[in-house]
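First up is the structure itself, then whatever we jot down about it.
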Amino acid sequence: MKRGLILEGGAKRGIYTAGVLDVLLENGLMADGVIGVSAGAIHGCSYVAKQYERSIRYNMNYGNDYRFMSLRSWWKTGNVVDVDFCYHELPEKLDPFDNEAFKHSDAKFYVVCSNVETGEPEYIYCKDLIKDIDYLRASASLPFFSKIVEIGGKKLLDGGITDSIPLKAFENMGFEQNIVIETRPEGYRKRPAHNGLLAQMVYHKYPAFVKALKRRHIMYNQELDYIKSAEAEKRILVLRPSRKIKIGKMEQNLEIVKQMYNLGRQDALAKLEEIKAFWR
């Protein structure tokens with residue numbers, strides 16, 4: 001049976017996932033496949049490359065650089081995340097990503113992007129993260145705060161808009177022993193965003209994407225229901241924050257970021273034996 005990891009996004013909240021993944025790496029627990037959405041994909045690639053603590057390290061070292069993630073970057077470049085800094089300078093020079101280890105990993109790596117023209121999710125298999133870096137960028141490109149990423153003849157944005165927690169998609173790919181890492185505490189339900197008029201104004205050329213934005217809360221809550229059902233049937237194992245930490249989408253307080261990462265570690269350690277038994 002193929003072991004899968006499904007990684008939710010969540011901007012800075014996603015550093016919780018990095019804490020869980022580092023505990024898995026410490027204990028030699030590797031999936032056969034990883035599928036990540038937005039921040040989940042950002043942290044998931046370091047896990048596939050077996051780069052222990054890379055995510056928290058570069059967050060601590062560069063998290064307060066306005067190019068990392070800020071409204072200032074958005075005003076200057078049209079992207080809340082500076083593309084050259086985060087997807088080239090940082091992984092290529094400042095904190096190098098081990099692309100050779102990634103390419104030779106036994107774990108297959110997928111990112112979820114939203115196709116702006118169809119309003120449907122795209123599941124992209126990435127074999128080489130230097131060549132495929134724009135798919136990773138597209139998965140984490142927040143609507144309204146990022147330019148549309150055009151790659152492979154498609155127009156793409158944040159995968160979380162069309163498939164926030166892609167458990168069903170991974171099951172359909174043949175992954176059966178799945179661990180889902182959520183970034184919201186148990187009991188969370190997404191409310192309507194009330195940004196329909198803005199979506200209509202910004203993305204009026206893409207009615208299917210506007211529809212996806214308007215119904216995102218419905219899609220997300222349906223996925224939570226499916227996950228709870230699968231969890232009750234013991235078909236999957238779920239790790240989610242055991243307590244709420246108030247952390248902003250563009251959180252600048254690095255102490256709060258570190259707290260969220262540490263919570264991921266704590267929760268993974270608390271379930272370590274359960275994880276080992278599940279991935280027997």
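All values below were derived from every heavy atom in this structure, side-chain atoms included, with hydrogens, water molecules and symmetry-related copies excluded.
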Practice task
State whether a side-chain donor-acceptor pair under 3.5 Å links Ser55 with His43.
Solution key: yes
Practice task
Decide yes or no for Asn79 and Phe145: does some side-chain heavy atom of the first lie under 4.5 Å from some side-chain heavy atom of the second?
Solution key: no
Problem - Hydrophobic cluster identity match, Val238 and Met260, side-chain contacts under 4.5 Å - result: no
Practice task
Ignoring hydrogens and angles, tell me if any N or O in the side chain of Asn27 forms a donor-acceptor pair with the backbone of Val23 under 3.5 Å.
Solution key: yes
Problem - Criterion side-chain contact (heavy atoms from CB on, under 4.5 Å) on Glu274 and Leu272, from CA distance to verdict - result: CA-CA 5 Å; Glu274 192 176 349; Leu272 185 56; over 6 Å; no
Problem - Within-4.5 Å side-chain heavy-atom neighbours: Ile56 and Ile15 - result: yes
Fill in the blank from the handout: Closest heavy-atom pair, Lys190 versus His217, reported as atoms and distance to 0.1 Å, is O-CB, 3.7 Å
Handout entry: Side-chain heavy atoms of Ile133 within contact of Phe97, under 4.5 Å
Key = no
Exercise for the section: Measure from the side-chain N and O atoms of Glu182 to the backbone N and O of Leu239, and report whether any donor-acceptor pair falls under 3.5 Å. Expected result: no
Practice task
Examine Val112 and Phe170 and state if one hydrophobic cluster contains both, with Ile, Leu, Val, Met, Phe, Trp and Tyr joined whenever side-chain heavy atoms are less than 4.5 Å apart.
Solution key: yes
Handout entry: NZ/NE/NH1/NH2 to OD/OE distance under 4.0 Å, Glu8 and Arg184
Key = no
Handout entry: CG/Asn172: more than 12 non-hydrogen atoms of other groups inside 6.0 Å
Key = yes
Exercise for the section: Mind running ring pair (Phe, Tyr, Trp, His ring centres under 6.0 Å) on Tyr52 and Tyr47 for me, showing each step along the way? Expected result: CA-CA 7 Å; Tyr52 177 67; Tyr47 166 81; over 10 Å; no
Problem - Over all atoms of both residues, closest heavy-atom pair of Cys113 and Tyr135 - result: SG-O, 3.4 Å
Handout entry: Under 3.5 Å: donor-acceptor pair, side chain of Gln259, backbone of Leu254
Key = no
Handout entry: Ala212 to Gly119 - nearest heavy-atom pair and separation
Key = CB-O, 4.0 Å
Practice task
With side chain to side chain donor-acceptor pair (under 3.5 Å) as the test, would you mind laying out the steps for Glu53 and Tyr58 before giving the verdict?
Solution key: CA-CA 9 Å; Glu53 292 188 338; Tyr58 69 66; over 6 Å; no
Exercise for the section: State whether the side chain of Glu89 and the backbone N or O of Tyr87 hold a donor-acceptor pair below 3.5 Å, judged by distance alone. Expected result: no
Problem - Single-linkage hydrophobic cluster, 4.5 Å side-chain cutoff, Leu167 and Val111 together - result: no
Problem - Ala140 to Ser38 - nearest heavy-atom pair and separation - result: CA-OG, 3.5 Å
Fill in the blank from the handout: The reported gap from OG in Ser146 to CH2 in Trp74 (rounded to nearest 0.5 angstrom) is 10.0 Å
Handout entry: Single-linkage hydrophobic cluster Ile161~Val37, side-chain heavy atoms < 4.5 angstrom
Key = no
Problem - Backbone of Ser164 reached by a side-chain donor or acceptor of Glu223 within 3.5 Å - result: yes
Handout entry: Residue pair Tyr226 / Lys168, side-chain heavy-atom distance below 4.5 Å
Key = yes
Handout entry: Pair Thr162-Met219, side-chain contact (heavy atoms from CB on, under 4.5 Å): steps then yes or no
Key = CA-CA 7 Å; Thr162 52; Met219 174 274 298; 5.7 Å; no
Handout entry: Any side-chain donor near an acceptor of the partner, Tyr66 and Asp82, under 3.5 Å
Key = no
Practice task
Would you confirm whether Lys147, through its side chain, and Thr77, through its main-chain N or O, come within 3.5 Å as a donor-acceptor pair?
Solution key: yes
Problem - For the student: nearest non-hydrogen atoms of Met30 and Arg3, plus distance - result: O-NH2, 2.8 Å
Exercise for the section: Indicate whether the side chain of His88 and that of Glu92 have a donor and an acceptor atom separated by less than 3.5 Å. Expected result: yes
Handout entry: Axial cation check for Tyr206 ring with Lys155, 6.0 Å and 45° limits
Key = no
Handout entry: Closest heavy-atom pair and its distance - Ile227, Arg240
Key = CG2-NH2, 4.4 Å
Exercise for the section: Would you mind reporting whether Ile35 and Pro166 have side-chain heavy atoms less than 4.5 Å apart? Expected result: yes
Handout entry: Test of ring centre spacing under 6.0 Å for Phe68 and Phe85
Key = no
Fill in the blank from the handout: Here the gap from Arg215 atom CZ to Lys211 atom NZ, rounded to the nearest 0.5 Å, amounts to 7.0 Å
Exercise for the section: Can you measure from CD (Gln177) to CG (Leu5) and round to the nearest 0.5 angstrom? Expected result: 11.5 Å
Practice task
Kindly say whether the aromatic ring centers of Tyr110 and Tyr125 come within a distance under 6.0 Å.
Solution key: yes
Exercise for the section: Could you tell me whether the side chain of Thr17 and the main chain of Gly40 form a donor-acceptor pair under 3.5 Å? Expected result: no
Exercise for the section: Please tell me if the side chains of Lys12 and Asn59 come closer than 4.5 Å, counting only heavy atoms from C-beta onward. Expected result: yes
Exercise for the section: Rounded to the nearest 0.5 Å, what's the gap from CZ on Arg189 to CG on Asp225? Could you check? Expected result: 4.5 Å
Practice task
Flag the pair Ile245 / Ile256 as yes when at least one side-chain heavy-atom distance between them is below 4.5 Å, and no otherwise.
Solution key: yes
Practice task
Say whether, by atom type as modelled, one donor and one acceptor occur between the side chain of His204 and the main chain of Gln200 under 3.5 angstrom.
Solution key: no
Exercise for the section: Would you check, one step at a time, whether the test salt bridge (charged side-chain N to carboxylate O under 4.0 Å, His left out) holds for Lys127 with Asp132? Expected result: CA-CA 7 Å; Lys127 303 178 184 178; Asp132 296 332; over 6 Å; no
Practice task
Verify, without hydrogens or angle tests, whether Glu251 (side chain) and Asn253 (backbone) share a donor-acceptor contact under 3.5 angstrom.
Solution key: yes
Handout entry: Salt bridge Glu231-Lys228, side-chain N to carboxylate O under 4.0 Å
Key = yes
Handout entry: Pair Lys108 + Asp32: basic N to acidic O under 4.0 Å
Key = no
Problem - Transitive ILVMFWY side-chain link Leu269 to Leu24, under 4.5 Å - result: yes
Problem - Non-hydrogen side-chain atoms of Cys126 and Leu136 separated by less than 4.5 Å - result: no
Problem - Derivation and outcome, salt bridge (charged side-chain N to carboxylate O under 4.0 Å, His left out), residues Glu171 and Arg235 - result: CA-CA 11 Å; Glu171 288 177 334; Arg235 289 195 292 110; 2.7 Å; yes
Exercise for the section: Give, for atom CG of Asp267 and atom CZ of Arg265, the distance between the pair rounded to the nearest 0.5 Å. Expected result: 11.5 Å
Practice task
Could you check Ile179 against Ile275 for side-chain contact (heavy atoms from CB on, under 4.5 Å), going step by step and ending with a plain yes or no?
Solution key: CA-CA 8 Å; Ile179 295 177; Ile275 294 168; 3.8 Å; yes
Handout entry: Asn178 side-chain N/O to Phe175 backbone N/O, donor-acceptor pair under 3.5 Å
Key = yes
Practice task
Return yes if a side-chain donor-acceptor contact under 3.5 Å exists between Thr183 and Arg13, otherwise no.
Solution key: yes
Exercise for the section: Tell me yes or no: between the side chains of Asn99 and Asp128, is some donor less than 3.5 Å from an acceptor? Expected result: yes
Exercise for the section: Determine whether the side chains of Asn115 and Glu122 contain a donor N or O and an acceptor N or O closer than 3.5 Å. Expected result: yes
Exercise for the section: Mind checking the CE-OH spacing from Met60 to Tyr261? Nearest 0.5 Å is all I need. Expected result: 10.0 Å
Handout entry: Test log, rule side-chain contact (heavy atoms from CB on, under 4.5 Å), inputs Phe209 and Leu157
Key = CA-CA 10 Å; Phe209 187 65; Leu157 279 174; 3.9 Å; yes
